[in-house]
Amino acid sequence: MPSIMAASRSNPLLNSLPRFLTWRSLGFRTICSGRLGFAPSDPDPEPPVSTSGTKFLETFREEFEIGSRLITFETGKIARFANGSVVLGMEETKVLSTVTSSKGDSVRDFLPLTVDYQEKQFAQGVIPGTYLRREGAPKERELLCGRLIDRPIRPLFPAGFYHEVQVMASVLSSDGRRDPDVMAANATSAALMLSDIPWGGPIGVIRIGRICGQFVVNPTMDELSLSDLNLVYACTKDKTLMIDVQAGGISEKDLEAGLRLAHPEAVKYLEPQIRLAAKAGKHKKDYKLSLVSDRTLEKVQNLTEAKIEAVFTDPSYGKFERGEALDNIAQEVKRTLEEECDTESLTVLSKVVDRVRKGVVRNRIIAEGFRVDGRRLDEVRPLYCEAGYLPNLHGSSLFSRGDTQVLCTVTLGAPRDAQRLDSLVGPPTKRFMLHYSFPPFSINEVGKRVGLNRREVGHGTLAEKALLAVLPPEDDFPYTVRINSEVMASDGSTSMATVCGGSMAMMDAGIPLQEHVAGVSVGLVSEVDPSTGEIKDYRIVTDILVRFLLAFENPSKLLLSFFFIGFGFFKGLEDHLGDMDFKIAGTRKGVTAVQLDIKPAGIPLDIICECLEPALKGRLQILARMDQEISAPRAQDHRNSPRLATLKFSNDALRRLIGPLGVLKRKIEEDTGARMSVSDETLTILAKNQTVLERVQEKIDFIIGREIEVGGIYKGIISSIKEYGAFVEFNGGQQGLLHVSELSHEPVSKISDVISVGQQVSLMCIGQDVRGNIKLSLKATLPQLKSKKNNVTEEPVPVIKEAPKVWTSVGNLPNEQEEQKLTDAELMLSRSTVKPSTSSNPGFLIRSAAECDEEDKTVSLNQGSKSNSKTLQATKRDRKRKTKVTESDDSDASIYSSGHSSHTVDRLNEEDAKVVSPLSAKRLKLGMKIAAKVYQIRALGLVLDLGNGVRGMYRFETNGKRDFEIGDELLVKCTSFSSKGLPVMSLVDDE
């Protein structure tokens with residue numbers, strides 16, 4: 001049209017043409033893509049009628065309400081050339097579904113049904129972020145939605161209808177509040193009803209949620225995020241077709257209640273489809289059906305039934321032996337028919353043999369209650385479980401049930417490793433992924449590995465739903481988790497084996513699961529009345545077999561087609577020959593995932609609900625065996641366990657860590673192998689193990705540091721050495737003082753013998769002095785020497801965060817002039833403080849090593865002059881006794897515990913010990929008995945630890961005991977105070 005308008009503007013003569021020569025006078029609207037389109041001659045919006053009486057662009061609508069949601073079926077406006085097309089709308093979300101079928105006669109013996117579901121970004125007003133700015137291959141969600149449409153509509157096609165059918169569902173617009181998958185399934189049912197394709201519909205598909213114990217019909221996405229149930233149910237008027245459930249451990253009773261609520265709600269979709277088909281539907285076409293004649297069926301049955309029954313009743317046959325025997329029977333019948341030149345029977349041989357096999361297996365199960373492998377109907381095959389099969393991985397397990405074997409592995413990653421989802425609804429990322437793989441060797445076949453497979457995606461998603469219910473919340477477990485399920489051998493529901501193996505692998509990886517999840521598949525074998533189509537008798541089968549009968553020496557195309565009927569390529573025996581595959585997974589407390597697929601045109605809901613009980617019994621049996629192997633998550637302390645740390649820093653500090661263009665961050669990642677992610681004031685580190693995490697934290701501490709806490713361990717570098725200690729650079733450039741008394745538990749004569757400039761050391765922060773200097777300790781990080789008496793290693797006294805303590809002498813506090821005379825080192829020792837808190841204690845004296853040496857010299861001089869007589873010593877002892885009586889309130893002296901052990905005093909003196917705690921220098925009085933420990937050993941005596949940082953001195957007696965060890969426990973008594981306020985102690989035993 002624009003080209004015609006441009007031509008008319010360039011050539012004014014076109015504007016003067018008579019009307020009978022124009023396109024509109026001839027009834028044409030425009031020329032588009034080489035086609036002529038008819039246009040109405042009257043601008044009236046009502047649909048015009050042509051001279052032939054055919055309606056033009058006539059639209060048919062049906063509106064109804066389900067769960068307080070207004071729903072609309074519309075046809076006739078768009079996609080009019082399709083065999084059937086319907087637009088289903090719910091609020092602002094609209095989905096188009098179209099169906100078409102091939103026109104030629106079918107030459108297949110299976111139904112080639114294809115369902116394509118697509119979500120394009122224009123539906124939410126977004127341009128795709130891909131390089132080509134267009135949608136690519138189908139995503140996982142699109143494949144899953146296609147399966148959700150395929151599963152309920154496939155059983156309703158008539159037997160023998162093998163024409164190719166294609167369903168295409170597209171989302172036209174989405175408001176993000178509704179999941180379009182259920183809408184697409186209902187639109188497909190309506191489109192099939194409008195088409196001329198023979199189909200036994202209509203069907204209704206409904207979604208049910210549960211919030212706070214109340215069921216919700218057609219919940220929104222916000223409501224689903226709060227729901228512990230996501231139930232999708234499909235049915236005809238009186239029978240169930242498909243069930244898909246994701247739950248948070250719902251009980252079987254509540255699940256049954258949800259199913260019984262869903263059925264009448266889903267039936268509400270049927271009547272509007274019937275009314276719409278009555279208005280705009282086409283007459284059903286008589287397609288050619290590939291049916292087997294009674295003569296051929298009877299002939300092949302007589303040739304094969306007895307031999308097939310002998311194979312199925314012989315328990316000596318294994319998996320492939322039984323398949324080879326059945327192949328030989330089919331080959332014998334084929335040779336017989338070729339000799340008779342029975343072309344008709346040869347054409348349908350595979351189909352007839354399949355029906356005979358199906359009848360033999362089903363009759364034996366219903367009549368005798370025995371299965372192909374000799375098990376009872378409710379018996380689970382032998383189980384084998386092994387957790388930690390691959391110890392080098394984060395987590396792994398091997399699970400076998402009968403001949404089915406699955407290897408599951410777990411890989412933990414950082415939060416940024418989560419999968420990014422590009423869908424119209426739902427969360428933008430997914431932190432838990434389960435990838436299921438079915439290699440050809442698992443069924444002894446030669447095959448090609450291609451891209452995403454619908455079956456693999458479906459089985460993996462089912463197992464993922466089952467395990468997601470027990471995954472800890474992201475706040476408690478921020479890792480991204482990926483499970484790989486590799487099928488090693490297949491002879492029965494590998495998806496449920498994946499659930500069992502995945503649960504054990506997650507516990508082996510140390511993921512804090514509360515309990516295991518297991519799954520089992522339940523089948524149904526029924527006997528139907530041919531006249532009414534109702535089920536006369538049935539048997540429920542637990543842990544069904546899924547045989548892959550593709551292993552033959554010389555398979556011909558004719559025989560191979562026998563195994564490709566519908567889903568027959570991946571089904572066999574109790575699955576392929578039964579009526580349903582009902583997979584149920586859960587814990588001991590309830591169900592977490594359900595998937596129901598059926599083959600007949602519906603199963604009564606009562607039978608479905610009856611299957612829940614045998615499924616629970618089988619699940620409990622499997623859970624008991626899994627608990628025997630591993631019943632609790634392993635501790636994440638082995639060398640291959642990844643570590644995830646989340647640190648808080650200011651944005652300025654994070655900029656320093658990243659460096660220009662991220663140079664520093666990349667350098668740390670290259671050196672350590674760890675991965676770091678930065679967000680607003682948050683740094684997340686994922687390390688391969690604890691050692692790597694510590695290396696990363698050390699590098700971060702050197703660059704930006706971290707908050708200093710009393711008792712924290714920090715690594716630093718000696719920057720300078722002084723006569724009273726050393727200065728250390730640590731925690732991103734901060735300076736701290738390492739005093740000589742904090743170098744070692746042993747006396748240090750020369751600082752350079754212990755440390756050197758440039759040396760890297762690990763230090764503990766023990767406080768801060770009055771000048772703001774950070775006090776560090778090296779000996780607090782070192783173990784003390786073992787005691788020879790009790791052979792017990794004494795641990796360093798932990799630093800407690802207390803209120804500011806001013807450590808001064810017991811006597812008068814020094815005035816300002818005296819403080820100025822003190823050296824810096826002495827000032828830090830005499831008036832040091834720790835991190836503030838709510839409590840406060842009186843001051844006491846802390847003696848330095850230099851002061852102890854000076855006291856030793858004084859004592860040595862006093863002992864050198866032997867002028868004291870025994871009389872003077874007796875007088876001193878009498879004075880001590882008088883002082884003891886004067887100062888004490890009771891006749892017996894109080895014994896103070898030093899705080900090293902709550903049982904020390906009781907062990908030393910259990911009869912008259914009176915423990916008073918805590919000890920302080922102000923409460924220390926003459927004559928008090930105290931439980932102390934040897935802190936240092938000097939030439940003339942001991943330095944004692946009296947508790948709470950109080951030090952005392954004990955002078956060796958002339959002929960007294962001298963073989964003490966550091967850490968020895970002694971019961972001492974305060975006898976005097978030195979000139980500098982240091983308590984002088986004596987051994988109680990010496991008295």
Side-chain angles (χ1 to χ4, degrees), residues 129 131 411-422 427-431 473-481 641-720 727-738 757-765 767-768 771-776 801 835-836:
Y131 177 75
T411 306
L412 303 179
R416 71 174 183 180
D417 294 327
Q419 180 183 0
R420 295 182 179 179
L421 304 179
D422 191 14
T429 59
K430 183 172 70 171
R431 71 183 187 99
E474 188 171 2
D475 295 338
D476 300 334
F477 191 78
Y479 293 86
T480 296
V481 182
S641 264
R643 294 292 187 270
L644 184 66
T646 301
L647 307 177
K648 293 292 185 179
F649 295 101
S650 64
N651 289 329
D652 292 336
L654 292 177
R655 292 188 190 97
R656 296 200 307 270
L657 174 65
I658 296 174
L661 301 178
V663 174
L664 296 179
K665 175 176 173 290
R666 288 197 302 270
K667 178 65 175 175
I668 295 176
E669 292 178 336
E670 293 173 359
D671 293 343
T672 61
R675 288 185 291 174
M676 299 188 298
S677 59
V678 178
S679 59
D680 187 22
E681 297 186 349
T682 302
L683 173 64
T684 303
I685 307 171
L686 178 67
K688 186 177 181 180
N689 48 46
Q690 183 64 31
T691 304
V692 175
L693 179 62
E694 292 174 356
R695 288 177 56 195
V696 174
Q697 288 178 333
E698 290 174 11
K699 293 180 178 294
I700 294 174
D701 291 345
F702 275 116
I703 297 175
I704 61 178
R706 56 190 171 101
E707 183 180 356
I708 300 176
E709 296 181 355
V710 175
I713 305 298
Y714 303 89
K715 288 195 175 182
I717 297 178
I718 306 297
S719 58
S720 62
F727 286 96
V728 183
E729 182 178 350
F730 73 109
N731 200 42
Q734 299 190 25
Q735 291 285 337
L737 174 62
L738 175 60
V757 176
Q759 180 181 350
Q760 182 174 338
V761 291
S762 295
L763 305 168
M764 177 186 288
C765 176
Q768 187 178 15
R771 297 186 178 182
N773 294 325
I774 300 172
K775 297 194 300 182
L776 303 173
K801 298 180 181 180
K835 196 169 182 177

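We're numbering straight along the sequence, starting at 1.
- In this view, Lys667 and Asp671 satisfy the side chain to side chain contact (heavy atoms under 4.5 Å, CB included) rule, not counting sequence neighbours.
- Residues Leu644 and Pro415 have side chains in contact (heavy-atom distance under 4.5 Å, counting atoms from C-beta outward).
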> Can you check side chain to side chain contact (heavy atoms under 4.5 Å, CB included) on Thr682 and Lys648, steps first, answer last?
Replying inline: CA-CA 5 Å; Thr682 302; Lys648 293 292 185 179; 2.8 Å; yes
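- Qualifying salt bridge (charged side-chain N to carboxylate O under 4.0 Å, His left out) partners for Asp475, counting only residues two or more places apart in sequence or in other chains: none.
- Nearest heavy-atom pair, Val757 versus Ser719, reported as atom, atom and distance to 0.1 Å: CG1-O, 3.7 Å.
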>> Does Leu683 form a side chain to side chain contact (heavy atoms under 4.5 Å, CB included) with Ile700? I'd like the steps, not just the answer.
In response: CA-CA 10 Å; Leu683 173 64; Ile700 294 174; 3.5 Å; yes
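- At a threshold of 4.5 Å between non-hydrogen side-chain atoms, the residues Ile713 and Leu763 do not count as touching.
- Between Ser679 and Thr684 there is no side-chain heavy-atom pair separated by less than 4.5 Å.
- By the 4.5 Å heavy-atom criterion applied to side chains, Leu412 and Leu686 are not counted as neighbours.
- With sequence neighbours left out, the salt bridge (charged side-chain N to carboxylate O under 4.0 Å, His left out) criterion links Glu474 to no other residue.
- For Lys665, the salt bridge (charged side-chain N to carboxylate O under 4.0 Å, His left out) criterion is met by Glu669, not counting sequence neighbours.
- Considering only residues two or more places apart in sequence or on other chains, Ala653 meets the side chain to side chain contact (heavy atoms under 4.5 Å, CB included) condition with Phe649, Ser650, Arg656, Ile704.
- Counting heavy atoms from C-beta on, the side chains of Val761 and Leu776 never come closer than 4.5 Å.
- Of all heavy-atom pairs between Ile685 and Ala674, the closest is CG2-CB, 4.5 Å.
- Side-chain contact check for Gln768 versus Lys775: every heavy-atom pair is 4.5 Å or farther apart.
- Of all heavy-atom pairs spanning Gly736 and Phe730, the tightest one is N-CE2, 3.8 Å.
- In this structure, Ile668 and Leu657 approach most closely via the heavy-atom pair CD1-CD1, 3.8 Å.
- Side-chain contact between Phe727 and Leu737 is present, with at least one heavy-atom pair separated by less than 4.5 Å.
- Nearest heavy atom pair, residue Ala687 against residue Val692, reads CB-CG1, 3.8 Å.
- Each salt bridge (charged side-chain N to carboxylate O under 4.0 Å, His left out) pair with one or both residues in residues 674-683, not counting sequence neighbours, appears once here: Asp417-Arg675.
- Across every non-hydrogen atom of Thr672 and Lys699, the tightest pair is CG2-CE, 3.9 Å.
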